[in-house]
Amino acid sequence: RDPSYSGEANAALVEQYVRHSSSSATEKCTMASYGSTGPEVGADGMDKPSTPLFQQGGQEGRGASRHSDGTSWRRPVVAVAVTALAVSGLVYANASIGRPQGAADMMGDAAKDAASVGGSAGSGVSALSALADSTASASAAGMGKKSKKVASTGSSSDDSSEPMHVLFILADDQGFNDVGYSSNDLAGMTPTLDTMADAGIKLRQYYGQQLCTPARGALMTGKYPIRIGLHHDVIHPDAPWGLPLEEKTLPQYLKENGYKTHMIGKWHLGHFSMEYMPGARGFDTFYGYLTDTVKYFSHAYPDTFQGQSYYDMVRQDSSMKSFPLNFSVVDDINGVYTTNLFNDVADDILSAHDPSEPLFLYMSYQNVHEPYTPAPHDSWMSDYELELLENNTKAGTNRRNFAKSLIMLDHGVKNLTAMFTKYGLAKNTLTIYSSDNGGCPQFGGYNYPLRGMKYYLFEGGIRVHGFVHGPMLPTEVQGSSYEGMMHISDWMPTILSAAGVTDLPEGIDGIDHWDALTTVDAQSPRTEFLYNIDPYYSTMVHMDDGSINTMLTRVKPRAALRVGDWKLLLNEYCVSYFNPLEDLGRPEGCGQDSCATPGIDVNSTNFLFNLITDPYEETNVIDEYPDIAKKMMLKIDDYMQDMVEPHFRGTDAIAYSVWARSGFITPWVHTETPLEDESTLNASTTGRGQDYPDESEAGPFEDGADGGVESMAL
C-alpha cells in the first residue's frame, strides 16, 4: 500500500503479489520450509549442491536424531500448504526519506499527536509533577491508551470447553526498522507478520533488553536482570554460569496448571551443568542450540575455542532416561537451514499433541541473528521477494543478507501458524510475537528512526516491535494498537492471567497487562520500568593456552530508567543514529558503531529525554530539568538496593576437553560437583563472591562514588 500510488495501481500491485504467491511463491515458500535441505557445507567451508528432503527407499527426512539405542525419534515431514497473503505494511514513496519524516508511522499514535503539538521537551508536562504522578502525566500525553482503528472481521472464540494454547515466538536481534510494517527499506518483506499484527494488537511502547541473555531471563522469570544476576554481558559458550536455579520459570508455572511445555530454538540461559538446561527449567521437551548463535546450515558455533570448532544442537524430552538431567546431540542435520529444522520439530510436537490439553510452545528462532552467510538460496524466494531485495537492498551487503534471513523468518512463522490450523489448535491459540533486543547495524540490523543499537540503553537498543494475536481477543480490540508501556518481564504474569491462573507469582517485576490489552481505551498498568544497571566493564584477555579470560572493572554504573514520559541515562556511551538508506552525520563523540563493549577510555555522559515530545532522543535536557534528573537518580539508587552481584563468569577451559569427546558444545560440569570445586573449574572462574569488591558506601551518583579502578579476573 504505497501512498504515492493511485488506488488502481495499489490494487494492481496486490493482485500481482497474490498471483506470485498463489503460484511460484506458494511452491517456493513450501519448498523453503519443507522441500530442500539447502546447501550442505563441506569440509572446505563451501556449499555442496542441495539434496532433496525425501530420498527414495523410505529414508528419513532431515533432522533425525538418535536415542542411545540407535533408534530414530523423527519421521518424514509432510509439507504444509501455505496461503497467499496480500502485501501489508508501510511503503515509502521517497527512498531517501529522512528520519523525522519517515519516522511518523513508526511512532505510537499518542506520540505522533504529542509530537505534532511541538514545543519544548517539557511541553504539556510539569517538570516537578512528572515523577509525582507519572500515570497522570502519561495519560495527559496520550500514553497508555489503546489506539483503536477499524476492527478486523475475525471473531472471538466461543469454545470455552477447550483450553487456551500459547505460542510465543521470539525473534533474535530484530530491530525497530526490521519488520515490514515499520521499515523504511524492508516494507513488504514480512507479509505474514504484517497481517498478523494488523489483525491483532500492536505493542507500540514495548521493550526488551539490551542483550540476549538478560532479555530471555526477564521473559522466563518476570524479573529485571539486576535481580537475577543477568545484568552484565551475556553467557559465553565456555562460561560456567546461568539463570539462577532458585528462580522459578514461566513454563514451571504453566506446568503446575496443566500445560504441556515445549521449547524449540535458542536457549542462552546457561548450559554448563544439566540443572541449567531447558529440560530442568520447566520444559517437557527441548530441541535447539544452547549458546548465542550457530551457523544456519552447519549448526557449528561461528568461533573456535583453542583452534577447534564445535557444533551446537541438542535435544531433551521426557522419554529419555534420567530426564531432565540428560540430553542427546543432534548430529545428522548438516545442511538444514535452522528455521526449517525448527519448524519440522514443531510439526512433530503439534501433530502428536492432544488439543484437549493446554499447550505452551516457545519458538525461539535464530533469525535474524548473524552470521548470515551462506545466505538462503534465491530459489527459496518468490519473484516478488527477489524484486524487493533487488530494489531495496544492495547486493553483497549485510543488509541484503539480513533481509533474506528476515524473509525466511516470515516464511517460518507462516508455516508454523499453518500447522496450528492443520492440527485444530489455531482456534484456541494466543500468539505472542517479540524480539529480544534492538538490531545491530554492523551486521545489517537497524533501529531507525530510534537512536542507538543492541548493547546500548538508548531506545534503539531496547525498544522493539511485538504484537498479540488470537481469536480469543475481543473483536473490539482486534486491529488496534496498545500504546501503553510494556516490558518483556510482563509476559509471565500476562500469560498466566490469560491462561486463567489467578494466583500470580509474588515478588516479580512483571505486571499483568491482560485486562488492559483486552479492554478498549484501557490504561497501561505500567508507569515506569528499569532498562538496566551494569556496574562493571569487561576486558577480554587472550591467554597463552588459547582461551579467553575476562577481566571485570568496577565503574560508575551504566543505567537507564523510564518514569512516565521521562527517561534518564547515566554514564552511557554516546551512540548516534543508523539509517539503512543513508550515512548520517554523527555528533562529535558519538562514533560508536559496534554492538560490542567500547574502549574503557571512551567518554560516557548522562542524558535526560522526554520521550513523548522527543521520541528519538535528540535533545538532552538534563541541564534544563535538574530536579527531574535528581529524583530519577534517587530512584535508580533505590533499585540498586535490590540489585544482586552479576553472576557473570569468564572462561572455563575444562569445557573443551569434554566437548572434544563429541564435537558438540554440551554441559561439562557433573551434577554432583559443587561449583566452587577447583578440580572442576579453573582458578579464573571460582570464588565469585570474594572476588567482587565491596559496594561503596556512597550512592553511585553522589560525590565519593567508586570511579572504577579495581580489576579482578573471573
Using the test side chain to side chain contact (heavy atoms under 4.5 Å, CB included), find all partners of [X] that sit at least two apart in sequence or belong to another chain.
| X | result |
| --- | --- |
| Asn620 | Phe607, Leu608, Phe609, Ile622 |
| Pro302 | Thr293, Pro371 |
| Pro324 | Ala280 |

Is the backbone N or O of [Y] less than 3.5 Å from a side-chain atom of [X], with the two atoms forming a donor-acceptor pair by type?
| X | Y | value |
| --- | --- | --- |
| Asn447 | Gly439 | yes |
| Arg558 | Tyr537 | no |
| Thr213 | Ile235 | yes |

Under the side-chain hydrogen bond (donor to acceptor under 3.5 Å, both in side chains) test, residues paired with [X] that sit two or more places apart:
| X | result |
| --- | --- |
| Gln252 | Thr249 |
| Tyr433 | Gln174 |
| Asp436 | Arg216 |
| Trp491 | Tyr206 |

Can you tell me how far [atom2] of [Y] sits from [atom1] of [X], rounded to the nearest 0.5 angstrom?
| X | Y | atom1 | atom2 | answer |
| --- | --- | --- | --- | --- |
| Thr261 | Leu254 | OG1 | CG | 7.5 Å |
| Tyr639 | Leu634 | OH | CG | 13.5 Å |
| Glu572 | Asp534 | CD | CG | 10.0 Å |
| Met263 | Phe283 | CE | CZ | 5.5 Å |

Shortest non-hydrogen separation from Trp241 to Leu230 and the atoms involved: CZ3-CD2, 3.5 Å
Mind listing the closest non-hydrogen atom pair of Asp642 and Arg227 along with its distance? O-CG, 4.1 Å
Would you tell me whether Asp173 and Asn437 have side-chain atoms, one donor and one acceptor, within less than 3.5 Å of each other?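 A pair is found: one side chain offers a donor N or O, the other an acceptor, under 3.5 Å apart.
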For a quick check under 3.5 Å, do Asp509 and Ser489 share a side-chain donor-acceptor pair by atom type? no
Partners meeting salt bridge (charged side-chain N to carboxylate O under 4.0 Å, His left out) with [X] (sequence neighbours left out):
| X | answer |
| --- | --- |
| Asp312 | none |
| Glu624 | none |
| Asp292 | none |
| Glu617 | Lys567 |

Report the residue from Tyr207, Tyr224, Tyr531 that forms a ring pair (Phe, Tyr, Trp, His ring centres under 6.0 Å) with His487.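 The single option meeting the ring pair (Phe, Tyr, Trp, His ring centres under 6.0 Å) with His487 is Tyr224.
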With Cys212, which residues qualify under disulfide (SG to SG under 2.5 Å), at least two apart? none
